[in-house]
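We're numbering straight along the sequence, starting at 1. As the structure lists them, so they are numbered: ligands from 1, and atoms in each ligand from 1.
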Amino acid sequence: MTEHLVDPRAPRDLKAFVAGLPKAELHVHHVGSASPRIVSELAARHPDSKVPTDPAALVDYFSFTDFAHFIEVYLSVVDLIRTPEDVRLLTFEVARDLARQQVRYAELTITPFSSTRRGIDERAFMDAIEDARKAAEADFGTVLRWCFDIPGEAGLEAAEETTRLATDDRLRPEGLVSFGLGGPEVGVPRPQFKPYFDRAIAAGLHSVPHAGETTGPQTVWDALTHLRAERIGHGTSSAQDPKLLAHLAEHRIPLEVCPTSNIATRAVRTLDEHPIKEFAEAGVLVTINSDDPPMFGTDLDNEYAVAARLLDLDERGVADLAKNAVEASFLDAAGKTRIKEEIDTYTTGWLDR
Ligand SMILES: Nc1ncnc2c1ncn2[C@@H]1O[C@H](CCC(=O)c2cccc(C(=O)O)c2)[C@@H](O)[C@H]1O
Ligand SMILES: [Zn+2]
């Protein structure tokens, strides 16, 4: 190995390392990934919307007073997606942004209920996402997979519709691998969704609900017990329950950690108070994700830089985090090995430069 001319821990150097690092993204929302350019293009197409068309004005628009306000703004962007062509454009452009960050594999959370209840034909919706998925893989080499999530606050009607769309053999898209539950947690107990998760799991889908983002550790227990969660979206409040942390570590249930999101929605007060270090120290498999990156003024690269600071990691530590995400993904064994080898080759090359 050659001498390092630059301190390998210098943040600027680490940022450059992260920018080229092959990565997997496991927790990122479809509509929440719309870049300012896409949001303004859609807002211009649909001028009756209250969403600003000027990308600069979007920065203010995407400033949230609390989680409920975030969901309100989120739904105003959902309202901009009105045609199958809007769906295809959004999906393909999201893949382009992921590819730019060297994301090789992403599980994108999609809420099909929000589109079908707004009148988009279900067949056309599935065709639009699948068409974009195939084009993205051919054009950018980024593999996309889908997680269909229930918007919990929309009630059991939304749960039924989401489950139907995810399990009907005539509709279910080839790229679908998992089943989730999102939106507010307060007043939306997880156990009521058990029958829907049972059906999705029976149809071969993995269970990946949000839990412990805006409520306490009992919600994470409920997701594990009733929804048979294989990974937990956020799981932030798990840090309040040492037994839960031990359980997550022992059963190798990964957490999909999204640090900047937790600050932007005010689920956590400051980055320095984020429990990510407690997760890592308890032996929990931590994965780094971006959630709704343009809405939170972040991207996956920035989330890795934040995690490196909070966990005090050098390049090898950051590469291990990237490998955690590959390991926790629903890729097959050969696909996981391929990306992990790519991460190792890149890291060795970087440190030897
Ligand atoms: N950080 C997050 N944490 C949790 N979820 C997040 C996060 N980021 C994005 N989401 C998404 O927000 C959706 C919420 C949608 C919702 O509540 C709702 C309620 C009533 C009607 C309708 C409708 O469409 O008619 C929708 C979730 O399904 C999820 O995919
Ligand atoms: Zn989320």
Test: salt bridge (charged side-chain N to carboxylate O under 4.0 Å, His left out). Region: residues 222-241. Which pairs qualify, not counting sequence neighbours?
E107-R231, D198-R228, R231-E256
Nearest to atom 18 (C) of ligand 1 by heavy atom, G155, G233, P151: which?
P151
K340/D320 salt bridge by N-O under 4.0 Å criterion:
no
Counting N and O atoms only, with roles assigned by atom type, does the side chain of Y346 sit under 3.5 Å from a partner on the main chain of F17, one being a donor and the other an acceptor?
yes
Pairs of nitrogen or oxygen atoms closer than 3.5 Å, one from H29 and one from ligand 1: do any exist?
yes
Heavy-atom distance to atom 24 (O) of ligand 1: which of P209, G182, S114 wins?
S114
Relative to the heavy atoms of D291, which atoms of ligand 1 are at a distance of less than 4.0 Å?
1 (N), 2 (C)
Part of P184 with heavy atoms under 4.0 Å of ligand 1, whether side chain, backbone, both or neither:
side chain
Test item, R118 contacting ligand 1 (heavy atom, 4.0 angstrom)
yes
Is a side-chain N or O of T142 found less than 3.5 angstrom from the main chain of V103, in a donor-acceptor match?
yes
Show which atoms of ligand 1 fall inside a sub-4.0 Å distance from at least one heavy-atom site of H234.
1 (N)
Give a yes or no on whether the backbone of D299 and the side-chain of Q101 come within a donor-acceptor separation of less than 3.5 Å.
no
Do the side chain of T219 and the main chain of T215 share a donor and acceptor less than 3.5 angstrom apart?
no
Can you name the atoms of ligand 1, numbered from 1 with element, that are less than 4.0 Å from a heavy atom of T111?
28 (O), 30 (O)
Under 4.0 Å between a Lys/Arg side-chain N and an Asp/Glu carboxylate O for R88 and D127?
no
min-distance protein heavy atom vs atom 3 (N) of ligand 1 -> E213 OE1, 2.7 Å
Apply side chain to side chain donor-acceptor pair (under 3.5 Å) to the pair W146 and E130, showing each step before the final yes or no.
CA-CA 10 Å; W146 317 127; E130 284 292 291; 2.8 Å; yes
Nearest protein heavy atom to atom 20 (C) of ligand 1, by residue and atom, and its distance?
A154 CB, 3.6 Å
May I ask which of F70, F148, Y74 has a heavy atom nearer to atom 12 (O) of ligand 1 than the others do?
Y74
Number the atoms of ligand 1 from 1 as they appear, then name those within less than 4.0 Å of a heavy atom of F67, with their elements.
3 (N), 4 (C)
Between G32 and M295, which heavy-atom pair has the shortest distance, and what is it?
CA-CE, 4.0 Å
For K23 and Q102, indicate whether the former's side chain and the latter's backbone hold a donor-acceptor pair under 3.5 Å.
no
Note: heavy atom closest to atom 14 (C) of ligand 1, options G183, A158, C258, belongs to G183
Check if L75 has a non-hydrogen atom at a distance under 4.0 Å from any atom of ligand 1.
yes
Donor-acceptor contact present, side-chain D352 to main-chain G349, <3.5 Å:
no
Mind telling me whether H69 and F64 have parallel, tilted or perpendicular rings, with 30° and 60° as the class edges?
perpendicular
I need the atoms of ligand 1 closer than 4.0 Å to a non-hydrogen atom of D292, numbered in the order shown.
1 (N), 7 (C), 8 (N), 9 (C)
Run through the protein N/O/S atoms less than 2.8 Å from the Zn ion (ligand 2) and write them out by chain and number.
H27 NE2, H29 NE2, H210 NE2, D291 OD1
Rounded to the nearest 0.5 Å, how far apart are CZ of F179 and OG of S207?
9.0 Å
How far apart are the C-alpha atoms of R266 and D66, what are their side-chain angles, what is the distance that settles it, and do they pass the salt bridge (Lys or Arg N to Asp or Glu O under 4.0 Å) test?
CA-CA 6 Å; R266 306 192 186 233; D66 55 18; over 6 Å; no
If the cut-off is 4.0 Å to any non-hydrogen atom of R117, which atoms of ligand 1 fall inside it?
21 (C), 23 (C), 25 (O)
Relative to the heavy atoms of D149, which atoms of ligand 1 are at a distance of less than 4.0 Å?
27 (C), 28 (O), 29 (C), 30 (O)
Does T265 reach ligand 1, in the sense of a heavy atom lying below 4.0 Å from it?
no
Is a donor on one side and an acceptor on the other found under 3.5 Å between the side chain of N262 and the backbone of A267?
no
